[in-house]
Amino acid sequence: MRKPNPQKLIKVFNNWTLAIKNVSSPHQALVLYSQMHRQSVPFNSFSILFTLKSCTPLRNPSLVAHLHCHILKLGFVSHVYVATSLLNAYVVSCFDDACKLFDEIPERNIVTWNTMITGYSRSGDVNKAYAFFKAMTLRDVASWSAMIAAFMNNWKWNCGLSCFREMVANERLKPDEVTVGAVLSGCAHVGSLGLLAGRSVHAFIAKNGWNLTVEIGTVLVDMYAKCGLLKYACIVFNAMQQRNVMTWTALISGSAQHGYSDEAVSFFEAMQEAGVKPNEMTFTGILNACARKGLVKEGRKYFDMIEQYGLQTRIHHYGCMVDLYGKAGLLEEAYRVIGTMKVEPNVVIWSSFLSACKDHKQFQMADRVIKQVMETVKPESDGGVYSLISDLYVLNEKWDDAERVRKLMVNQYVRKTRGSSFIRS
DNA sequence: CGGATTGGCG
């Protein structure tokens with residue numbers, strides 16, 4: 001990896017603000033920012049804006065608070081752009097602080113309000129987001145897109161769709177790529193429930209003669225694939241002029257999700273032939289495909305490929321492997337995978353392993369992990385894994401143990417979020 | 001001289 005060199009940027013631009021704008025990491029931006037401070041270079045709104053923007057993805061509340069102090073001292077809170085950018089930084093790191101800041105901002109504009117809609121959306125309070133949306137005297141395309149996304153992300157996909165329809169009906173508003181992107185990713189999120197809506201959005205795109213850009217094409221492919229209409233996903237995919245990793249990943253993951261494992265494998269191979277480099281999510285998709293159909297040999301090959309591509313092996317990847325070996329009855333292998341993990345196993349991993357033990361009646365294998373599972377997973381945080389353990393004891397005719405575990409389960413009606421799909425093989 | 005905040009990472 002190349003070492004960042006902020007000094008060089010100053011020489012290149014001979015201008016602190018432009019140097020900050022052109023950094024490639026938040027760290028570089030902060031180095032330049034603190035140097036400006038030390039050398040008493042006067043700040044302007046631009047230098048603060050670029051620093052904020054580059055640090056926002058870090059989602060570090062204390063860093064944001066630190067920058068907030070500087071902004072207060074320099075008197076830039078009254079600058080709408082700076083204040084809004086700061087608000088956005090709080091929205092993604094600490095929403096409570098964002099709310100406090102919003103009340104203190106002396107001058108707000110549409111963008112400031114839009115940022116709050118997204119904030120409430122992210123915190124799961126779609127009603128509050130809608131209250132803000134309604135309270136606005138003027139709304140632009142971004143306001144509508146943010147509101148639609150808020151509905152979609154909070155499972156109010158029918159509200160999101162009627163919001164989109166309302167927008168389309170309004171002559172003065174023109175939905176753009178981001179708007180339909182929000183609608184379509186919402187449709188994809190709810191699976192086949194969103195298919196009808198997704199198709200109507202596709203019709204909208206076609207009717208208006210929009211170009212099938214990479215972004216639009218990818219969300220369409222994702223929507224159709226997640227809804228189980230692989231055929232339509234392929235039609236869109238083939239019609240696209242350009243495709244990127246996300247396009248391929250949408251196709252692969254969608255196929256895997258609906259049990260089209262062989263297709264997923266072919267798509268993965270075709271992607272490699274096309275010279276597109278897979279990312280971590282691509283591997284989650286292809287490993288998921290292998291797990292569903294018991295493609296052990298292929299799964300192992302792809303799993304090893306992750307590091308060959310210089311990517312990190314994430315917990316999802318391990319989860320797929322445990323699932324793959326577990327479903328195939330190779331419990332010893334699954335157990336070995338858990339042992340080699342570089343991160344702590346989570347409840348998903350344990351559930352997957354234990355349910356494989358249950359299916360294959362491998363009680364002694366389950367016994368090797370039960371103690372550890374019960375130590376790391378609290379019964380109130382996940383009842384599902386406790387009922388699995390109890391089931392295993394019952395099947396093994398260890399009635400006392402089964403009873404002991406059952407008593408630990410405080411709430412048997414644990415609500416579980418699950419994907420919805422009517423089209424499932 | 002210039003250089004701007006928001007809506008979407010599948």
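Every value quoted in this text rests on a predicted model; they were computed, and no experiment measured them. In what follows, chains carry the letters A, B, and so on, assigned in the order in which the sequence lines appear, proteins first and then strands, with residues in each chain numbered from 1.
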Quiz item: Between dG7(B) atom P and L184(A) atom CG, what is the distance in whole Å?
Solution: 18 Å
Quiz prompt | Distance-only donor-acceptor check, side chains N88(A) and T115(A), under 3.5 Å | solution = no
Practice problem: Classify the nucleic acid contact of E215(A) as base, sugar-phosphate or nothing, counting any heavy atom under 4.0 Å across all strands shown. | Solution: base
Quiz item: Does any residue of residues 239-248 of chain A have a heavy atom under 4.0 Å from DNA chain B, and if so, which ones, in number order?
Solution: M246(A)
Practice problem: Tell me whether the OP1 or OP2 atom of dG10(B) has a side-chain N or O from K226(A) closer than 4.0 Å. | Solution: no
Quiz item: Is the count of non-hydrogen atoms from other residues, nucleotides or ligands lying under 6.0 Å from L72(A) atom CG greater than 12?
Solution: yes
Exercise. For DNA chain B, find the residues of residues 82-101 of chain A with a heavy-atom distance under 4.0 Å and give them by number; none if there aren't any.
Key: T84(A), N88(A)
Self-check item: Between C1' of dA4(B) and CD1 of I71(A), the distance in whole Å
Solution: 14 Å
Quiz item: Do the two ring centres, one from H70(A) and one from Y33(A), sit under 6.0 Å apart?
Solution: yes
Quiz item: Which part of the nucleic acid, if any, lies within contact of A149(A), taking any heavy atom under 4.0 Å across all strands shown: a base, the sugar-phosphate backbone alone, or nothing?
Solution: sugar-phosphate
Exercise. Report which part of the nucleic acid T118(A) touches: base, sugar-phosphate, or nothing (heavy-atom distance under 4.0 Å, all strands).
Key: sugar-phosphate
Quiz prompt | Nucleotide dG3(B), atom C1' - distance to CZ of F43(A) in whole Å | solution = 16 Å
Self-check item: Atom-pair distance (NE2 on H189(A); C1' on dG10(B)), nearest Å
Solution: 11 Å
Practice problem: Tell me which nucleotide among dG7(B), dA4(B), dT6(B) gets nearest to the side chain of V111(A). | Solution: dT6(B)
Quiz item: How about F268(A) and F283(A): are their ring centres within less than 6.0 Å of each other?
Solution: yes
Quiz item: Which part of the nucleic acid, if any, lies within reach of M281(A) when heavy atoms closer than 4.0 Å are counted: base, sugar-phosphate only, or nothing?
Solution: base
Practice problem: Measure up the H68(A) and Y90(A) rings against each other and bin them: parallel (under 30°), tilted (30 to 60°), perpendicular (over 60°). | Solution: perpendicular
Quiz item: Is there a donor in the side chain of N114(A) and an acceptor in the side chain of T112(A), or the other way round, less than 3.5 Å apart?
Solution: no
Quiz item: Between K53(A) and dA4(B), is there a side-chain N or O to OP1/OP2 distance below 4.0 Å?
Solution: no
Quiz prompt | Short N-O contact, K293(A) and E298(A), less than 4.0 angstrom | solution = no
Quiz item: So what does T17(A) touch, heavy atoms closer than 4.0 Å: a base, only the sugar-phosphate, or nothing?
Solution: base
Self-check item: Sorted by number, the residues of residues 308-320 of chain A with heavy-atom contact under 4.0 Å to DNA chain B
Solution: none
Exercise. Would you kindly give the CG-to-C1' distance between N114(A) and dG7(B), to the nearest whole Å?
Key: 7 Å
Quiz item: Can R122(A) be said to sit on top of F95(A)'s aromatic six-ring, NZ or CZ under 6.0 Å from centre and within 45° of the ring axis?
Solution: no
Quiz item: Does NE2 belonging to H316(A) count more than 12 external heavy atoms closer than 6.0 Å?
Solution: no
Quiz item: Can K301(A) and E269(A) be said to form a salt bridge (charged side-chain N to carboxylate O under 4.0 Å, His left out), step by step?
Solution: CA-CA 12 Å; K301(A) 184 180 86 184; E269(A) 303 295 332; 3.6 Å; yes
Quiz item: Taking the six-membered ring for Trp, is the centroid-to-centroid distance between F267(A) and W248(A) below 6.0 Å?
Solution: no
Practice problem: Mind calculating the distance between CZ (F102(A)) and P (dT5(B)) to the nearest angstrom? | Solution: 19 Å
Quiz prompt | Side-chain donor-acceptor contact under 3.5 Å, R300(A) with Y325(A) | solution = yes
Practice problem: Pick base, sugar-phosphate or nothing for D176(A), based on heavy-atom distances below 4.0 Å to the nucleic acid. | Solution: base
Quiz item: Y81(A) on top of dA4(B)'s base, within under 5.5 Å and under 30°?
Solution: no
